[in-house]
Amino acid sequence: SLLSEGVTAMKIWPFDPAAEASCGQYISNADLDIALEPFRSVLYLLRARARYAGSRFAGAAEDLARVCEARPSNARVLHKVGLVHAARAVEAVVQGKDPAGMFAEALAAFDESVRLAPDVPLGPYDRGTALLSLAMALPRYQDPEPALVRAIADFDRVLELTPDNGLAFCNRGLAHLKRGELRHAR
């Protein structure tokens, strides 16, 4: 490793390719734009976190969409997208609006996140929680049963990965209770 060879610091200079093209004399705006792109993703991600923390979910969703353009197969980013859309859906329920479209966006992001990182329990846990929330909101709009069945399967997966996860036990119990399965709700 570099540490074992005595390297304790490194320069990360994204402008080297552009500077080399002009022998260090000039960097064009187009090259500057290309070199800064990885840093923009980080800034959008940080702003999305701040917006999410401030309950500005629509803005967080916009920022995360830009991050996804740069990192389309990043499970952690997709997980955050799922969280933001789930929060927007809950917000819609509170406002008396139909949350189905936002829940669909949340579930699509969670599905992709879980596909990319199947052994990370946070993905199925948060997807299960979103499904449980959807099931609680759905009686006004449609049958909650499919969402409850999927939520239980997600909580089962979390408990396979982390058998001592009390929140997963609790939420699985709530899903069984909502289905009228009192025996399984314990």
Enquirer: L159 and N165: which non-hydrogen atoms are nearest, and at how many Å?
Expert: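 Distance-wise, the nearest heavy atoms are CD2-O, 3.5 Å.
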Enquirer: Answer with yes or no after comparing the ring centroid distance for F103 and H85 against a 6.0 Å cut-off, counting only values under it.
Expert: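 Aromatic pair excluded; centres sit 6.0 Å or further apart.
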Enquirer: State the CD-OG distance between E91 and S55, to the nearest 0.5 angstrom.
Expert: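 Answer rounded to 0.5 Å: 7.5 Å.
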Enquirer: If you take all heavy atoms of A48 and A60, which pair is closest and at what distance?
Expert: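 Taking every non-hydrogen atom into account, O-CB, 3.5 Å.
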Enquirer: How long is the span from the OH atom in Y44 to the CZ atom in R51, to the nearest 0.5 Å?
Expert: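 Here the rounded value is 9.5 Å.
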Enquirer: If hydrophobic clusters are built by linking Ile, Leu, Val, Met, Phe, Trp and Tyr wherever their side-chain heavy atoms come under 4.5 Å apart, do F155 and L83 end up in the same one?
Expert: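 F155 and L83: separate clusters.
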Enquirer: Kindly check if the number of other-residue, nucleotide or ligand heavy atoms within 6.0 Å of CZ (R76) is above 12?
Expert: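 Not buried by this count: 12 neighbours or fewer within 6.0 Å.
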Enquirer: Please find the pair of heavy atoms, one from P99 and one from A89, that lie closest to each other, and give the distance.
Expert: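 Heavy atoms only, the tightest pair is CB-O, 3.5 Å.
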Enquirer: Under a 4.5 Å cut-off applied to non-hydrogen side-chain atoms, are R115 and D111 in contact?
Expert: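 Counting from C-beta outward, R115 and D111 never come under 4.5 Å.
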Enquirer: Under the criterion side chain to side chain contact (heavy atoms under 4.5 Å, CB included), I'd like the reasoning laid out for L148 against H176: C-alpha separation, chi angles, the key distance, then a yes or no.
Expert: CA-CA 8 Å; L148 290 168; H176 280 299; over 6 Å; no
Enquirer: Within this structure, what is the CZ-CG distance for the pair R47 and L64, rounded to the nearest 0.5 Å?
Expert: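 That separation rounds to 10.5 Å.
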Enquirer: Closest approach of M102 and D98, non-hydrogen atoms and distance?
Expert: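 Scanning both residues completely, I find the closest heavy atoms to be CE-O, 4.5 Å.
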Enquirer: Going by heavy atoms in the side chains, are V77 and C68 under 4.5 Å from each other?
Expert: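 Contact flag for V77/C68 side chains = yes.
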Enquirer: Any non-hydrogen side-chain atom of D126 less than 4.5 Å from a side-chain atom of D154?
Expert: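 They are not in contact (no side-chain heavy atoms under 4.5 Å apart), so the answer is no.
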Enquirer: Just verifying a value: how many Å separate F110 CZ and E105 CD, rounded to the nearest 0.5 Å?
Expert: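 Here the rounded value is 12.5 Å.
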Enquirer: Nearest 0.5 Å, please: how far is NZ in K178 from CG in N171?
Expert: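 If we round to the nearest 0.5 Å, N171:CG and K178:NZ are 14.0 Å apart.
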Enquirer: Is there side-chain contact between L116 and S113, with heavy atoms separated by less than 4.5 Å?
Expert: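 A side-chain contact is absent here, since even the closest heavy-atom pair is not under 4.5 Å.
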Enquirer: How long is the span from the CZ atom in R88 to the OH atom in Y52, to the nearest 0.5 Å?
Expert: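 Result: 12.5 Å between the selected atoms.
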Enquirer: Take V114 and H79 through the test side chain to side chain contact (heavy atoms under 4.5 Å, CB included) and record every step on the way to the result.
Expert: CA-CA 8 Å; V114 170; H79 180 259; over 6 Å; no
Enquirer: The test is salt bridge (charged side-chain N to carboxylate O under 4.0 Å, His left out); show your working for E160 and R157 and say whether it passes.
Expert: CA-CA 5 Å; E160 286 174 21; R157 176 65 180 145; 3.0 Å; yes
Enquirer: Is any side-chain heavy atom of R49 less than 4.5 Å from a side-chain heavy atom of K80?
Expert: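 Yes, at least one pair of side-chain atoms sits under 4.5 Å.
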Enquirer: Do D63 and R40 pass the salt bridge (charged side-chain N to carboxylate O under 4.0 Å, His left out) test, and can you show the C-alpha distance, the side-chain angles, and the key distance before you say yes or no?
Expert: CA-CA 10 Å; D63 287 341; R40 282 192 194 96; over 6 Å; no
Enquirer: Less than 4.5 Å apart, any side-chain heavy atom of S22 and any of I27?
Expert: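 S22 vs I27: side chains apart.
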Enquirer: Just wondering, do R127 and R150 contact through their side chains at under 4.5 Å, heavy atoms?
Expert: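 Of all side-chain heavy-atom pairs linking R127 with R150, at least one is under 4.5 Å.
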Enquirer: Please examine the side chains of V158 and L161, heavy atoms only from C-beta on, and report whether any two atoms are closer than 4.5 Å.
Expert: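 L161 vs V158: side chains apart.
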Enquirer: Can you name the closest pair of heavy atoms from G82 and A106 and give their distance?
Expert: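 Answer, listing the atom of G82 first, then A106: O-CB, 3.4 Å.
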Enquirer: For L78 and R71, run side chain to side chain contact (heavy atoms under 4.5 Å, CB included): C-alpha distance rounded to whole Å, both residues' side-chain angles, the deciding distance at 0.1 Å, then the answer.
Expert: CA-CA 9 Å; L78 288 164; R71 303 179 193 181; over 6 Å; no
Enquirer: Exactly one of V90, V93, L107, T129 should register a side chain to side chain contact (heavy atoms under 4.5 Å, CB included) with L134. Which one does?
Expert: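 Result for side chain to side chain contact (heavy atoms under 4.5 Å, CB included) with L134: L107.
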